[in-house]
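To keep things clear, I will list the structure first and then write my remarks on it.
One-based numbering along the sequence shown. From a predicted model like this one, the values you see are computed outputs, not experimental measurements. Side chains are part of it too, since the values below use all heavy atoms of this structure and drop only hydrogens, waters and symmetry mates.
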Amino acid sequence: MTKISPSLLSADFGNLYKAIDMLNSSAASMIHIDIMDGVFVPNISLGFPVMKAVSKRAKLPLDVHMMIVNPHNYINQVRDAGGAIMNVHIEACTHLHRTVQAIKAAGMKAGVTLNPATPIVMLEDIIGDIDLVLLMSVNPGYGGQQFIPSVLPKLTRLRELCASTGYHPMIEIDGGVNLLTGQELVKAGAEVLVAGNYVFSAPDPREAIASLAAL
C-alpha cells in the first residue's frame with residue numbers, strides 16, 4: 001500500500017481536533033504539517049504552539065515540511081513540538097549537510113525537499129545522508145494548486161539516481177495529488193503521497209485517504 005500523509009493545511013483550522021481524530025482512524029500513515037514563514041513562501045501557516053497541540057492529539061507521526069528560511073535554527077523546536085520527520089528545502093539551506101546531521105542528532109528522520117524547478121542533480125552529494133526526498137509537484141505556499149506534470153520525469157531521474165548510488169531514501173510527493181495524479185505518481189515510483197485538498201474537500205475524507213492508499 002502507498003503511504004498517505006494528509007496535509008492539515010487544507011483542514012478546517014477551527015476544528016483541528018476533529019480533523020486529527022479522523023486521520024487517527026483512517027488509512028493515513030502520517031500527518032503532514034506545513035510550517036510557512038511568509039518569506040520563503042508567500043504565506044504564513046501554523047506555528048510550533050499549534051503543532052505541539054496537534055502532536056498531543058495525533059496518534060500518527062508528524063511529517064513536518066519547513067517552508068521557511070534558515071530552518072536549521074528551528075530543529076529543536078520541531079523536535080520539541082512532536083516532529084518525527086523534518087523536511088527542509090534544499091533552496092533554503094546554505095549548509096545542507098550540517099542541517100541534515102543536526103536533524104538526525106535531534107532524533108528525527110531527515111528529509112530534503114526540492115521545488116519544481118530544482119533539478120535532481122542537486123541531491124547527488126546528500127542522498128546518502130537522508131531518510132526521505134520530498135519532490136514538490138506545485139510551487140510551495142498554497143493548497144489547492146494544479147499538479148505540475150514535469151515532476152513525473154523528475155521522479156524517474158530520482159529513481160535512477162537512487163539505483164546508481166545504492167541509496168534509497170523514501171520518495172514523497174506533495175502538490176495537486178488526487179486519484180488520477182496519484183496513480184501516475186505511484187506508477188513512477190512515489191512511495192508517500194501528500195494530499196490536502198483532495199482529502200479534506202471530499203464528502204468522505206476517510207474514503208479519499210483509503211482510495212489513495214490502495215494505489
Is there a path of hydrophobic side-chain contacts, each under 4.5 Å between heavy atoms of I, L, V, M, F, W or Y residues, that connects [X] with [Y]?
X	Y	result
Val177	Met136	no
Val39	Ile68	no
Met51	Leu134	no

Closest non-hydrogen atom pair between [X] and [Y], with its separation:
X	Y	value
Val41	Pro140	CG1-O, 3.6 Å
Phe40	Asn115	CZ-ND2, 4.0 Å
Pro119	Leu114	O-CD2, 3.5 Å
Ser55	Gly82	CB-CA, 3.9 Å
Ser5	Val192	CB-CG1, 4.1 Å
Pro61	Ala84	CB-CB, 3.8 Å

Checklist line | Test log, rule side chain to side chain contact (heavy atoms under 4.5 Å, CB included), inputs Phe147 and Leu185 | finding: CA-CA 11 Å; Phe147 178 79; Leu185 288 165; 3.8 Å; yes

Item checked: Qualifying ring-ring contact (aromatic ring centres under 6.0 Å, His included) pairs, either residue in residues 154-181, two or more places apart ->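 Found none.
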
[atom1] of [X]: more than 12 outside heavy atoms within 6.0 angstrom?
X	atom1	result
Lys109	NZ	no
Gln101	CD	yes
Asn73	CG	yes
Tyr74	OH	no

Note to self: Using the rule given for side chain to side chain contact (heavy atoms under 4.5 Å, CB included), can you reason through Leu23 versus Leu8, listing the C-alpha separation, both sets of side-chain angles and the distance that settles it, and then say yes or no?
What the structure shows: CA-CA 10 Å; Leu23 294 176; Leu8 280 186; 4.0 Å; yes

Item checked: Sequence neighbours excluded - salt bridge (Lys or Arg N to Asp or Glu O under 4.0 Å) pairs with any residue from residues 2-14 -> none

Next item on the list: Using the salt bridge (Lys or Arg N to Asp or Glu O under 4.0 Å) rule, collect all pairs that involve residues 31-59, keeping only residues at least two apart or in two chains.
Entry: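 Salt bridge (Lys or Arg N to Asp or Glu O under 4.0 Å) check on residues 31-59 returns Asp21-Arg57.
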
Next item on the list: Apply side chain to side chain contact (heavy atoms under 4.5 Å, CB included) to the pair Ile148 and Asn139, showing each step before the final yes or no.
Entry: CA-CA 9 Å; Ile148 297 174; Asn139 288 293; 4.0 Å; yes

Note to self: So if I apply the side chain to side chain contact (heavy atoms under 4.5 Å, CB included) rule between Pro169 and each of Asp131, Ile130, Ile126, Val112, which one comes out positive?
What the structure shows: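 Output: one option passes, namely Ile130.
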
Note to self: Applying the side chain to side chain contact (heavy atoms under 4.5 Å, CB included) criterion to Ile33, which one of Leu9, Ile85, Val78, Val54 satisfies it?
What the structure shows: Val54

Show me the donor-acceptor pairs, under 3.5 Å and distance only, between side chains in residues 155-162 and residues at least two apart or in other chains.
residue: Thr156; atom: OG1; partner: Leu152; partner atom: O; Å: 3.4
residue: Arg159; atom: NH1; partner: Ala188; partner atom: O; Å: 3.4

Item checked: Flag, side chain of Glu172 to backbone of Leu132, donor-acceptor distance under 3.5 Å -> no

Enumerate, atom names and distances included, each donor-acceptor pair closer than 3.5 Å involving a side-chain atom of residues 196-209, sequence neighbours excluded.
residue: Tyr198; atom: OH; partner: Ser211; partner atom: OG; Å: 3.4
residue: Ser201; atom: OG; partner: Asn197; partner atom: O; Å: 2.4
residue: Asp204; atom: OD1; partner: Arg206; partner atom: N; Å: 3.2
residue: Asp204; atom: OD1; partner: Glu207; partner atom: N; Å: 3.2
residue: Arg206; atom: NE; partner: Ser25; partner atom: OG; Å: 2.9
residue: Arg206; atom: NH2; partner: Ser25; partner atom: OG; Å: 3.1

Next item on the list: Let me see the working for Val64 and Met108 under side chain to side chain contact (heavy atoms under 4.5 Å, CB included), right down to the final yes or no.
Entry: CA-CA 10 Å; Val64 185; Met108 295 179 288; over 6 Å; no

Item checked: Set of residues satisfying side-chain hydrogen bond (donor to acceptor under 3.5 Å, both in side chains) with respect to Thr94, sequence neighbours excluded -> none

